[in-house]
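I have placed the structure first, in the form of structure tokens, so that the comments after it can refer back to it.
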Amino acid sequence: MKFIVSSSQLLKQLQVLKGVINNNNTLPILDNFLLELANDELQISSSDLETTMTSVVNVESNDTGSIAINASLLLDTLKTFPDQPLTFNAENGSTIEIISEQGKYDMAYFGGDEFPKAPELPNPSSTEIPSKILATAISKTIFAAGNDDLRPVMSGVFFQFNTKELTFVATDAHKLVKYTRTDVTAETAVEFIMPKKPLNLLKGILNSSDSNVMVEYNDTNAKFTFENVVLICRLIDGKYPNYEAVIPKENPNKLTVDRASFLNSVRRVSIFSSKTTHQIRLKMEGNSLNISAEDLDYANKADERLHCDYQGDDLQIGFNSRFLSEMLNNLDANDVLIEMSLPNRAGILTPIDGTAQGESVTMLVMPVMLNG
């Protein structure tokens, strides 16, 4: 097989696909890109057996064929070229010749039939989602997903689609995010849990896309198709916890505060908190919010006062500053509402402004026990 392709176009696609490849693969063939040529279209795939991603590049050719080339070697080579046409020629058995303006390079290759085939999705359900909405849903939730191998269902993002709305949920038992869109719906009610790795790959590409994403799914796999990219991944098996049950419904204490000021205060004060608990204390009295932290081991202490709008009983509650910072950082609002009931019940963060039509986001953070 022989084809001519733009070096920069090829590099751009390969850099996206490289994200699928693991550093330590059980099968050596998975260290490779699969190149499948069909006349003027070159389809490139990468896989880790759980996730397979495919992209199409336009080339000059009348040939057909498939080979697998070492991903790192090909990428390292392409990164050194200025934009130019490259000729790939694999007509002499076990090596492919790459011809550039600077010279010639021979790379070993494997037969394309050794590369594992991507799974088929028989009789899938499908939903079409604008790429910007899906990218936002992923970035608003994925940071809250867990990393516990013993609880795999909580290490992904829960997709809950029905005829009224699409809901995306992530939790690690300390924090929870629920992101809902009523401006996009599915034809039937369906639930599945997406692993983090393919979602991170999608998030990186979708931000620069303006097309719609066709999402197809069955009991075991999901498939995302948009522009010239197809991503197929195995879903996380198991039942997602009943997240609605942990969101407190009665929260009489309501704190409204400027998000940026609050985030900056939390970041500053947390520098002085315990390095093991990262605990900060919020004390609400009247229209003032007191944020403090103390590291008893080193006698470090910080105390700040913020103007706020507070309605409710005087309250002191402790939070992990890292969780609180992450949540405030992932909201686009100018002002946030924090609803609380008791010092041992979760706090709920919602944006007051900055949300699109049909968009809602609820963030929950568990408290930590206050010292003294």
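Note that this is a predicted model, so its numbers are computed, not measured.
Of the possible polar contacts, none joining the Lys249 side chain to the Ala245 backbone as a donor-acceptor pair under 3.5 Å is found. The backbone N or O of Asn25 lies less than 3.5 Å from no partner atom in the side chain of Asn22, so there is not a single donor-acceptor pair. Looking only at distances, no side-chain donor or acceptor of Ser265 sits under 3.5 Å from a matching main-chain atom of Phe262. No side-chain donor-acceptor contact under 3.5 Å links Asp314 to the backbone of Glu285. Distance alone, capped at 3.5 Å, places no donor-acceptor pair between the Lys301 side chain and the Phe272 backbone. A donor-acceptor contact shorter than 3.5 Å is absent between the side chain of Ser321 and the backbone of Val266. For the pair Asp172 (side chain) and Lys175 (backbone), a donor-acceptor distance under 3.5 Å is present. Lys132 contributes no side-chain N or O that, together with a main-chain N or O of Ser208, makes up a donor-acceptor pair within less than 3.5 Å. The backbone N or O of Val57 sits nowhere less than 3.5 Å from a side-chain atom of Gln13 that would complete a donor-acceptor pair. Side-chain atoms of Lys196 come within 3.5 Å of backbone atoms of Gly146 as a donor-acceptor pair (strictly under, hydrogens ignored).
Counting heavy atoms from C-beta on, the side chains of Leu235 and Met194 come closer than 4.5 Å. Two residues are said to be in side-chain contact when any heavy atoms from C-beta on lie closer than 4.5 Å; Arg181 and Ile129 fail this criterion. In this structure, Val16 and Ser55 have side chains that are not in contact, with every pair of non-hydrogen atoms separated by 4.5 Å or more. Counting only heavy atoms from C-beta outward, the side chains of Ile98 and Leu74 approach each other to under 4.5 Å. Side-chain contact check for Leu337 versus Lys254: some heavy-atom pair is nearer than 4.5 Å. Looking at Ile96 and Asp106, their side chains never come closer than 4.5 Å, going by heavy atoms from C-beta outward. At a threshold of 4.5 Å between non-hydrogen side-chain atoms, the residues Pro85 and Glu101 count as touching. Proximity of Ser7 to Ser100: side-chain heavy atoms (C-beta onward) are nowhere separated by under 4.5 Å.
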query: Going through the checks in order, is the side-chain contact (heavy atoms from CB on, under 4.5 Å) test met by Lys79 and Gln15?
result: CA-CA 10 Å; Lys79 284 174 189 171; Gln15 283 175 322; 4.0 Å; yes

message: Assess the residue pair Leu49 and Arg234 against the criterion (side-chain contact (heavy atoms from CB on, under 4.5 Å)); give the C-alpha distance rounded to whole Å, side-chain angles, the decisive distance to 0.1 Å, and a yes or no.
response: CA-CA 9 Å; Leu49 295 182; Arg234 190 175 298 164; 5.5 Å; no

message: Does Tyr109 form a ring-ring contact (aromatic ring centres under 6.0 Å, His included) with Phe88? I'd like the steps, not just the answer.
response: CA-CA 12 Å; Tyr109 69 82; Phe88 285 72; over 10 Å; no

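Leu34 and Ile67 fall into different hydrophobic clusters, where Ile, Leu, Val, Met, Phe, Trp and Tyr side chains are chained together by heavy-atom contacts under 4.5 Å. Val177 and Phe323 fall within a single hydrophobic cluster, where Ile, Leu, Val, Met, Phe, Trp and Tyr side chains are chained together by heavy-atom contacts under 4.5 Å. Under the 4.5 Å side-chain heavy-atom criterion for Ile, Leu, Val, Met, Phe, Trp and Tyr, Val368 and Ile280 are members of distinct hydrophobic clusters. Linking ILVMFWY residues whenever their side-chain heavy atoms come closer than 4.5 Å, directly or via other members, places Leu231 and Leu14 in the same cluster. Note: the hydrophobic cluster containing Leu289 also contains Leu331 (ILVMFWY, side chain heavy atoms under 4.5 Å, direct or indirect links).
Under the side-chain contact (heavy atoms from CB on, under 4.5 Å) rule, Leu134 has a single partner from Leu199, Leu206, Asn212, which is Leu206. With Tyr179 as the fixed residue, the side-chain contact (heavy atoms from CB on, under 4.5 Å) test singles out one of Thr136, Val169, Thr167: Thr136.
With respect to Glu244 and Lys178, a salt bridge is recorded, a charged nitrogen being found less than 4.0 Å from a carboxylate O. Salt-bridge formation is detected for the pair Asp332/Lys140: a Lys NZ or Arg NE/NH1/NH2 atom is positioned less than 4.0 Å from an Asp or Glu carboxylate oxygen.
No more than 12 heavy atoms of other residues, nucleotides or ligands sit less than 6.0 Å from atom CZ of Arg305. Annotation for Lys203: atom NZ counts as buried by contact number, over 12 foreign heavy atoms lying within 6.0 Å. At most 12 heavy atoms of other shown residues, nucleotides or ligands fall within 6.0 angstrom of atom CG in Asp237. Within 6.0 Å of CG in Asp297 there are more than 12 heavy atoms belonging to other residues, nucleotides or ligands. Within a 6.0 Å sphere centred on NZ of Lys283, heavy atoms belonging to other residues, nucleotides or ligands number 12 at most. Within 6.0 Å of atom CG in Asp83, more than 12 heavy atoms from other residues, nucleotides or ligands are found, so the atom counts as buried in its surroundings. More than 12 non-hydrogen atoms from other residues, nucleotides or ligands lie less than 6.0 angstrom from CD of Glu91. Atom CD of Glu191 has more than 12 heavy atoms from other residues, nucleotides or ligands within 6.0 Å.
Within the model, atoms CD of Glu128 and CZ of Phe226 stand 13.0 Å from one another, a figure rounded to the nearest 0.5 Å. The line from CZ of Phe319 to CE of Met327 is 9.5 Å long, rounded to the nearest 0.5 Å. Summarising the geometry, atom CD1 belonging to Ile44 is positioned 9.5 Å from atom OG1 belonging to Thr54; distances are rounded to the nearest 0.5 Å. Atoms CG and CD1, from Asn200 and Ile138 in turn, are 8.5 Å apart once rounded to the nearest 0.5 Å. Taken from CG in Asp63 to CG in Leu37, the straight-line distance is 6.0 Å, to the nearest 0.5 Å. Remark: Ser125 OG to Asn218 CG distance equals 8.0 Å, nearest 0.5 Å.
Contact between Ala346 and Asn251 at its shortest, heavy atoms only, is O-OD1, 4.5 Å. Asn253 and Ser341 make their closest contact through ND2-O, 3.1 Å (heavy atoms, listed as atom of the first residue, atom of the second, distance). Taking every heavy atom of both residues into account, Ala333 and Pro351 meet most closely at CB-CB, 3.5 Å. Minimum heavy-atom separation, Ser274 to Thr276: OG-OG1, 2.9 Å. Among all heavy-atom pairs drawn from Asn62 and Asn39, the shortest one is O-OD1, 3.2 Å.
Under the rule for a ring pair (Phe, Tyr, Trp, His ring centres under 6.0 Å), Tyr310 has no partner lying at least two apart in sequence or in another chain. For His278, there are no ring pair (Phe, Tyr, Trp, His ring centres under 6.0 Å) partners two or more places apart in sequence or in a different chain. When the ring pair (Phe, Tyr, Trp, His ring centres under 6.0 Å) test is applied to Phe159, the partners found at least two apart in sequence or on another chain are Phe161, Phe168, Phe192.
Counted by atom type alone, Arg267 and Ser325 present zero donor-acceptor pairs between their side chains at under 3.5 Å. Ser209 and Glu227 share a donor-acceptor pair across their side chains, judged by distance under 3.5 Å alone. At a cut-off of 3.5 Å, with distance as the only test, a side-chain donor of Tyr217 or Thr127 sits close to an acceptor on the other residue. A donor-acceptor pair shorter than 3.5 Å can be found between the side chains of Asp303 and Asn290. For the residue pair Asp113 / Ser66, no side-chain donor-acceptor distance below 3.5 Å is found, with atom types taken as modelled. Side chain to side chain, Thr185 and Thr163 fail the donor-acceptor criterion of an N or O pair below 3.5 Å.
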